[in-house]
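Index from 1, following the sequence.
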Amino acid sequence: MRRVGILGGMGPEATVLILQKLLAAVPAQDDADHIPVIVDQNPQVPSRIRHLLEGSGPDPAPVLAQMAQRLVAGGAMALAMPCNTAHHYAPAIRAAVNVPFLDMIALSVRHARALVPQGQSAIGILASPAVQKVGLFDAALAKAGLTAFYPSTPEAMLAAIRQIKAQGPSAAARQALRDASQELRARGALVQMIACTEFSLIAEAVATDIVAFDTLDLLVTAIVKFAQTNGAEEEQAAS
């Protein structure tokens, strides 16, 4: 199987979660059946929120590019990054290495297009306010005929993310995610994506009467597919 490099630490618990999901995704009989990965768990990546939302702090792009180069030097044949917001810096990662980058944004837009019924266009985005500010999903969604709906309470979203980073999943964070999901449902977003890997830790908190998917799960599927193929489907798995 082909080895995949994980640009991790954004946040650390979300990186542990993707490793757990990778283990669960493979029906293994022995250690050797599992997906080989190299993880750079780097919590010192400069804050994406500070850089994008507050306009202060260092640019994370050079650090992410260096991580990508280390992973490739260590034998990674493709890269994956379990952080939606950090995909804003994906061009720097692609420019730094010559291996495929498994793009969680592209994967999620394709999946959303398959889920949203014909004649409808609303897709709810449960994410960091930084995702909305930079329009991380917007252009690709528009090209697919979809319209991004964001919660009207970005401050509550940001507070929940910071709380999870500091204290782990909590009842307050779950309630904030549930409230945002229910609001998007009321505005017509019957399909919603969990597009923050902190929210992946509390994915069960979304409204119960919607179709929801976690972008992290799509990345897991892409990693397994890449690792288990011999290269013929590589271009479909990577952007």
* Note: D103-R110 ion pair, threshold 4.0 Å (strictly below) -> no
* Where at least one partner belongs to residues 6-31, residue pairs that pass salt bridge (Lys or Arg N to Asp or Glu O under 4.0 Å), sequence neighbours excluded -> K21-D217
* Can you tell me which residue pairs pass the salt bridge (Lys or Arg N to Asp or Glu O under 4.0 Å) test with a partner in residues 136-146, sequence neighbours excluded? => none
* Asked: So, R187 versus S152: side-chain donor-acceptor pair below 3.5 Å or not?
  -> no
* Is the F137 to H87 ring centre distance short of 6.0 Å? -> no
* Taking everything shown except D209 itself, do over 12 heavy atoms lie less than 6.0 Å from its CG? -> yes
* Asked: Quick one: does L126's side chain get under 4.5 Å of L184's, heavy atoms only?
  -> yes
* For residues 52-80, which residue pairs qualify under side-chain hydrogen bond (donor to acceptor under 3.5 Å, both in side chains), counting only residues two or more places apart or in two chains? -> D40-R70, E54-R162
* To do: Report yes or no: do Q192 and S181 form a side-chain donor-acceptor pair below 3.5 Å?
  => yes
* **Partners passing ring-ring contact (aromatic ring centres under 6.0 Å, His included) against Y89 (at least two apart in sequence or in another chain)** => H51
* **All ring-ring contact (aromatic ring centres under 6.0 Å, His included) counterparts of F213, not counting sequence neighbours** => H111
* Asked: Given side chains that start at C-beta, do those of I18 and T197 come closer than 4.5 Å, heavy atoms only?
  -> no
* Structure fact -> Sorted by chain and number, sequence neighbours left out, salt bridge (charged side-chain N to carboxylate O under 4.0 Å, His left out) with K133 holds for none
